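This report concerns only the one structure given below.
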Number of protein chains: 2
Amino acid sequence: MTQSRSKYDSGCPVAYALDIFGDRWSLLVIRDMAVKGARTYGELLAGWEGISTNILAQRLKQLEQAGIITKQKDPDSGRSSVYELTQKGRDLAPVLIEIALWSGRYNPDPDAMTGFLDKITADRAGTEARIRAGERL
Amino acid sequence: MTQSRSKYDSGCPVAYALDIFGDRWSLLVIRDMAVKGARTYGELLAGWEGISTNILAQRLKQLEQAGIITKQKDPDSGRSSVYELTQKGRDLAPVLIEIALWSGRYNPDPDAMTGFLDKITADRAGTEARIRAGERL
DNA sequence: TTGAATCACTTGCAAAATGCAAGCAATCAG
DNA sequence: CTGATTGCTTGCATTTTGCAAGTGATTCAA
């Protein structure tokens, strides 16, 4: 009984991935954690794009189920939880990097926030390794 | 007047890209064209996952507007149109490749369709170059 | 120690996106 | 002329999303 993960999963590796983060918000949450180092619900809510609170809660559950992130109680604070990327989540670094490079080539907007882009342009391998290791950029 | 492309576009390069293909179907359409060589509406409809016809029509329009694909009349057949990836679209090859590699590492399903994955595992640079050049895999 | 603030959500409801099926115009083959 | 094929559009039910308000468990300040 090889149950398919969802009604969309065709067995194609691209479809498998899109099943996990192929929506408007999941990759942005992963980016906030990988690039910006966001670790709490509040930090994620305050992200650049303004995800709504119910959608964020839902996505965090889905990402946890998919093994992309983990949720733990903050030992120093009873009311806050700490979310962290797993290795599976951090290994999405090359995907984030290629997306950012592509956007850098084709986004005509001169105001584009390029902090991440600058880092990967200056040292792609190093930035990728740092994300994979769970280190701060 | 630097108008933002959409209500989501925060200036982040990742968000710029997700604005174009950050939904359930767009990347699968791009994959069908880049990897499977799909060129007509019918071929795209018959894809692995079964996109519905109205959504496909809408996505094709959006991708055309975003400069990812072009639409032309088929000179040999008055009733069919030919869709093709632009350079901007073909340059998403590294994104598709990284997604597929990641899925290959983490998808536990042994039945996963691995044709594309096999190709990029065997010769990543060559596969990427061939997609970028608009050649058949 | 009590009341206010904070954090991490949940709930309710309207709006938008999606899925499904049917329809339809233009071509084209017999 | 007829019927099949292609490339859509339309209508409508279902699902997902967005927004705002509310909840409950801490934590903190007085």
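By convention in this document, chain letters (A, B, ...) are assigned in the order of the sequence lines, proteins followed by strands, and residues within each chain are numbered from 1. Side-chain atoms are counted along with the backbone in the values below, which use heavy atoms only and exclude waters and symmetry mates. This is a predicted model, so every value here is computed, not measured.
One atom, CG of A/Leu45, and another, C1' of C/dT10, lie 13 Å apart when rounded to the nearest Å. If you take OH of A/Tyr83 and P of C/dA8, they are 8 Å apart, rounded to a whole angstrom. As a whole-Å value, the separation of B/Asn54 CG from D/dG11 P is 13 Å. What separates CG of B/Leu56 from P of C/dA17 is a distance of 18 Å, to the nearest Å. Distance B/Gln62 CD to C/dA16 C1': 13 Å, rounded to the nearest Å. Put simply, CD1 on B/Ile51 is 14 Å from C1' on D/dG7, counting in whole angstrom units. Atom CD in A/Glu64 sits roughly 14 Å away from atom C1' in C/dC9 (whole-Å rounding). When rounded to the nearest whole Å, the span between CG of A/Leu18 and C1' of C/dT18 equals 16 Å.
The side chain of B/Ile55 has C/dG19 as its nearest neighbour among C/dG19, C/dC9, C/dC28.
Using a cut-off of 4.0 Å between Lys/Arg side-chain N and Asp/Glu carboxylate O, A/Glu128 and A/Arg90 are scored as not salt-bridged. Between B/Asp23 and A/Arg24 there is no salt bridge, since none of the side-chain N atoms of the basic residue sits less than 4.0 Å from a carboxylate O of the acidic one.
You'll find the side chain of B/Leu44 stays beyond 4.5 Å of the side chain of B/Ile51, heavy atoms only.
Using a 4.0 Å heavy-atom criterion, one finds that B/Lys71 contacts the sugar-phosphate atoms exclusively. A/Ser80 comes within 4.0 angstrom of sugar-phosphate atoms only, judged by non-hydrogen atoms across all strands, and of no base. Here B/Lys73 lies out of heavy-atom contact (under 4.0 Å) with every strand.
Side-chain N/O atoms of A/Gln58 include none lying less than 4.0 angstrom from OP1 or OP2 on D/dT16. Phosphate contact (OP1/OP2 of D/dT17, side-chain N/O of A/Arg59, threshold under 4.0 Å): present. Considering only side-chain N and O atoms, A/Lys61 lies nowhere under 4.0 angstrom from the phosphate OP1 or OP2 of C/dA8. Using a 4.0 Å cut-off, some side-chain N or O of A/Trp25 falls inside it from OP1 or OP2 of D/dG18.
Comparing B/Glu43 and A/Ser52, the nucleotide of DNA chain D nearest to each residue sits closer to the 5' end for B/Glu43. Two residues, B/Leu60 and A/Arg79, neighbour DNA chain D, and the one matched to the more 5' nucleotide by heavy-atom proximity is B/Leu60.
For the pair A/Trp102 and B/Tyr16, the tightest heavy-atom approach, listed with the atom from each and the gap, is CZ3-CE2, 3.9 Å. Nearest heavy atom pair, residue B/Met33 against residue B/Ile69, reads SD-CG2, 3.8 Å.
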